[in-house]
Structures are given as structure tokens and as C-alpha cells.
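Here is the structure we will look at, set down as C-alpha cells.
Numbering of ligands and ligand atoms starts at 1, following listing order.
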Amino acid sequence: MTAPKLAITDSDPSSTAADAVVVGTVQGPDGLALAGGSEAVNAAFDGALLDLLDAVGASGKAEEVVTLPSAGKVSARVVLAVGLGKPAADGTVTEEQVRRASGAAARALAGRKRAISTLSALHLGPAIEGTVLGGYSFTTYKSDKGDGAVGKVDFVAPAEGNIRAHRATLKASTAIAEAVTTTRDFVNTPPNDLFPASFAERAAALAKAEGLEVEVLDEKALRKQGFGGILAVGGGSSRAPRMVRITYRGPKAGKKIALVGKGITFDTGGISIKPAAGMDEMTSDMGGAAAVIATVVLAAKLKYPLEVTAWAPMAENMPSGTAYRPGDVLTMYGGKTVEVLNTDAEGRLILSDAIVRACEDQPDYLIETSTLTGAQLVSLGKRTSGVMGTEEFRDRVAELGRAVGEQAWAMPLPEELRGDLESRVADLANVSGHRFGGMLTAGVFLREFVAEGVTWAHIDVAGPSFHSGGPYGYTTKGGTGVPVRTLAAVLADIAANG
Ligand code: BES
Ligand code: MN
Ligand code: ZN
């Protein structure tokens, strides 16, 4: 996909040449109403814009797209009115309403050369993010590449703030949106092309282009250093596992942050094999790794005053004569032993190795994210991530996630679940003997490997990282890029507040 060219403009949106000018509509208390930012366009229509939109059935409901020919009233050929939904009692709309409406508009603008957005007058950053993300498509493997995203979008500057601040917002929001599309690209790349070695190579290339320090541990290095979890899970595949470390050291680096992401390039379940139906979606089981790789690169692009290290253990979980089996006892990195009772609970095994290694560097914060459990979908649904970990930090991560429009909810790590992981032969088992609270059990397992005193959070994105339905807002089919925007928000918050 080629991303649209983006710019901030002070010019009058009614007299700028373009294929389309985008205005917002809302479902006000008295029905359809125009959103802020549409004043100049409405004036060019002699105040009749609302009437015209009403005449063709516009309601202002979220993501509704209605197109009017401009009939020479404005320089753009059409007015594209996109619904923001219901405003708050004081008439304002949220950032997420603007992000979603901008995404819907971007989808409708596919193939056009040039557009002007007035949604940016409401919330600039969200308008930019929604435009880039809604216009995303993954066509690498399509013969017909389709229309492609809109070529160029000019964003009308909001009234408040100065041009320097607006340019900074353009830069930050574009970089954040690109980190999301990078993650989507990784997730959407099929498992025959994205396997541990090729994933590691692509990640390293991305990081090196940004001048970052990269280390890739191959199978031999993993064996030498004792990464028993990663080696066991990767052992059934003809494609050997890897572990990638990418470090960014910012200017006057303050806090040290470790990001850990699950990189299972395909999860068949292994010997505890999954049913055939829906197994194809396990191409997305490396979404956590993709997110942390894209995030450390983003931290460098935005020069956060932090030290950020991304750890991405990568393996393919396959059944074969060399695969690990239920009953095996693994010696993990750092020496703890784990009895494998189900080879489909593989994510926690590669993650524990990476978490122990990450903790050796004594980070101030450790954030791990993974498509870890089907139980996440059972408890919170397809779109809401489960956040666990150190209580205060867990709550902060979940709240920051919601603030940037990535639904997230804090979940507990009940003490009694540790007992269910007792093993007959090893320090602990990789699953409990029951299916209750599976997302929490996985979190309790991971906690065993977090070093004493390290503040940490675990974000289970099993549902939210992949979207199998039709597009909505700025969420397109396939990889969503969740939780990159949450991670970016957490890094920015730590940079600002410690
Ligand atoms: N990758 C899966 C979890 C998953 C399921 C992600 C659905 C996305 C959508 C994970 O490795 C897994 O198989 N988990 C098992 C754990 C169980 C064996 C304790 C699960 O959730 O069934
Ligand atoms: Mn699995
Ligand atoms: Zn998995």
C-alpha cells in the first residue's frame, strides 16, 4: 500500500481544488446537524448544506457516508459528508469519533487523487490517524491491486494551537499510524513467507534503517544460552526459531522500558493440534512481536527520551517427529522447569524465556503483549484487550489504551490460580486442569517469570489484533495493529511523567 501524502492547510476548504472536501455530520438532539469545521463549505452553499444532506437522507449516524455533487459551489467536485454519531451534551465529539469517521471517509475516498478534510478542525491527530488507517489495504499478493488509498489529503488546521504545534502533531500522528500499518503488514504476510528467520530479517532491516541496535539469536545461540521454551516450541518446525532484540537509546534517556511480544509465525497447536476450522487465522499469532518491533522503531522516529528494548521470540508451532510433546519437562531460560501438558499453550513458553532475559537488564517497566488465549475472546470479546500485571501500572495501561481508542480492560491475577499450575514433576505446568479464567491463568503463569521488583503489564490481544469481519471505522480486514497505539501512548506518558 502507498500511504497518502498528508499536509496541514490554512486555506479555505471551499476554494481549494480537490476531488472531494470532507465534512462531518452529527446526530444532534434535533436530528441531522453539521459538525464544526464545515462552516466555510456551508457558507459556499449559501447555508443550504444541511438541507441538501437532509434531502438525500443523511442522518449523521456514525460512519454514514453521503456524497453530494458540488455543482460549482465549492472548488472540490464533491462534498463527502461523513457521520460522527451522537455528540456529547455540550455539542463536542470525541477523538475516537473523529478517528472512526476519518477512517470511513478514507475508505470512501479510495482511488481519488486529492481530498481536503475538515474533520481535522475538530481533532487533528485523530483525523490523520483515521485517514491513514482507514485507507490501508494489503495487496502484496493480489494481481489486481484495486484503487489504492487517496493520493493526497490536506487537513484544515484547528483554530486552537499554532502551525508549529500542528506540524508536530502531523509528524507524530503520521509516525504512529505508520507503526500501525507496519504491524498490519507483518500480520497480513502469510506464514509461508513470514517464518522465524524471515520475520527476524525483516524486523532487523526495519530497525537498522532507523539506526537501531539489533541482535538476532539463531537456533545455535538460543541453545548455547539455554532458551529452553523457545527451542521446544520451535522444535517441531523445519524453520528454526529466533529471538530478536532491538534497542533504542534516546537522547537523555530517562526510564528503561522492555517490550516483549509473542512471535508465533503459525500456531497449529503442535501435537495438541487445533481443529481445522479457523486454523488459518493462526497466521496472526505473531501480532504481539510485530507490535513491539514497530513500537521500538516508532520510539526512535519520535525521539522519545527513553531507553526502549523490544524482545521478540519467534517460533513456528508444528506437529512432527521432532516436535515437543505433552509430558515433556522443559528447562526454561534462567533455570525454572515447566511440565508441558498442552503444546497449544506455547505462547507462554516462548514469552517466559524472553521475559526472564528482558528482566536481566533491570527495566523500570516491562510490557508484554500477545495473542495468548482464546479465553480472552470468551471473556472480553473480539475488540477489547485484557490487561494484567502490577496493579497500578496495569490500570494506567488500560486507561491509556482506551484514551487512544484501543478498547482495553484491567483484569485480575487471582492468587488461587497459581495452585492450578502445580506440576507433578516440574516447578510448574503450562496449563491448569480446567478451562475457567484461562486468560488469567496465562497471566499468572507469566508472572512467575517476571523478576521481583519489575513493574509489568501483560496485554492479551488474541481478539483485538485481528479482524475477520468487514471493515469499520479505521479498522480494516486482517491485522489491526492493536496494541501499537496503546504502547505508543504508554511510552509517551512515561516520557512525560516517569
Ligand atoms: N494462539 C492461541 C490463542 C488464540 C486463540 C489467539 C484464538 C487468537 C485467537 C494460543 O496459543 C492458544 O492456543 N491458547 C490455548 C491455550 C490453552 C491450551 C490453555 C487456547 O486459548 O485455547
Ligand atoms: Mn496455541
Ligand atoms: Zn498461539
Would you check whether Ile264 reaches within less than 4.0 Å of ligand 1, judged by its heavy atoms? no

Contact (N/O only, under 3.5 Å) between Lys262 and ligand 1: yes

Closest N/O/S atom of Asp285 to the Zn ion (ligand 3), by atom name? OD2

Proximal heteroatom of Glu346 relative to the Zn ion (ligand 3) (N/O/S): OE2

Measure the acute angle between the ring planes of Tyr333 and Phe227, then classify it against the limits of 30° and 60° as parallel, tilted or perpendicular. parallel

Report yes if some N/O of Asn342 lies less than 3.5 Å from some N/O of ligand 1; otherwise report no. no

Answer key: the N, O or S atom of Asp267 nearest to the Mn ion (ligand 2) is OD2

Have a look at ligand 1 and work out which part of Val431, if any, has a heavy atom under 4.0 Å from it: side chain, backbone, both or neither. side chain

Please verify the inter-ring angle class for Phe138 with Tyr141; under 30° counts as parallel, over 60° as perpendicular, anything in between as tilted. tilted

Looking at His123 and Val93, would you say the former's side chain and the latter's main chain have a donor-acceptor pair under 3.5 Å? yes

Starting from atom 12 (C) of ligand 1, which protein heavy atom do you reach first, and at what distance in Å? Asp344 O, 3.2 Å

Do other residues, nucleotides or ligands put more than 12 heavy atoms under 6.0 Å from the CD atom of Glu392? no

Test: Arg239 cationic atom under 6.0 Å from Phe266 six-membered ring centre, within 45° of axis: no

Lys262 near the Zn ion (ligand 3) via N/O/S, less than 2.8 Å: yes

Could you identify the single nearest non-hydrogen protein atom to atom 16 (C) of ligand 1 and state the distance to 0.1 Å? Arg348 NH2, 3.9 Å

Given side chain to side chain donor-acceptor pair (under 3.5 Å), test Thr247 with Arg249 step by step and report yes or no. CA-CA 7 Å; Thr247 299; Arg249 285 186 187 84; 4.9 Å; no

Output the list of atoms in ligand 1 that are nearer than 4.0 Å to some heavy atom of Thr373, sorted by atom number. 3 (C), 21 (O)

Which single N/O/S atom of Glu346 lies at minimum distance from the Mn ion (ligand 2)? OE1

Over 12 non-hydrogen atoms of neighbours within 6.0 angstrom of CD in Glu448: yes

Using a plain distance cutoff, I'd like to know if Lys274 has any nitrogen or oxygen under 3.5 Å from a nitrogen or oxygen of ligand 1. yes

From the N, O or S atoms in Asp267, identify the one nearest to the Zn ion (ligand 3). OD2

The single option from Asn430, Leu372, Leu417, Leu413 that satisfies side-chain contact (heavy atoms from CB on, under 4.5 Å) with Phe445 is Asn430

Number the atoms of ligand 1 from 1 as they appear, then name those within less than 4.0 Å of a heavy atom of Glu346, with their elements. 11 (O)

Would you kindly check if the NZ (Lys) or CZ (Arg) of Lys336 is within the cone defined by 45 degrees around the ring axis of Phe449 and under 6.0 Å from the six-membered ring centre? yes

Exactly one candidate in Asn317, Thr343, Thr371 meets side chain to side chain donor-acceptor pair (under 3.5 Å) with Asp267; the answer is Asn317

Backbone of Ala106 reached by a side-chain donor or acceptor of Thr131 within 3.5 Å: no

What atoms of ligand 1 come within less than 4.0 Å of a heavy atom belonging to Leu377? 7 (C), 9 (C)

Ligand 1 atoms nearer than 4.0 angstrom to some heavy atom of Thr371 are 1 (N), 2 (C), 3 (C), 6 (C)

Look only at interatomic distance and state if Gly374 has a nitrogen or oxygen under 3.5 Å from any nitrogen or oxygen of ligand 1. yes

I'd like to know if the side chain of Lys145 reaches the main chain of Thr139, judged simply by a donor and an acceptor atom lying under 3.5 Å from each other, with no hydrogens or angles considered. yes

What protein heavy atom sits nearest atom 10 (C) of ligand 1, and how far off is it? Leu372 O, 3.3 Å

Checking Ser320 side chain against Gly236 main chain: does a donor-acceptor pair fall under 3.5 Å? yes

heavy-atom search around atom 2 (C) of ligand 1 in the protein gives Asp267 OD2, 3.6 Å

Atom 9 (C) of ligand 1 has as its nearest protein heavy atom Met282 CE, 3.5 Å

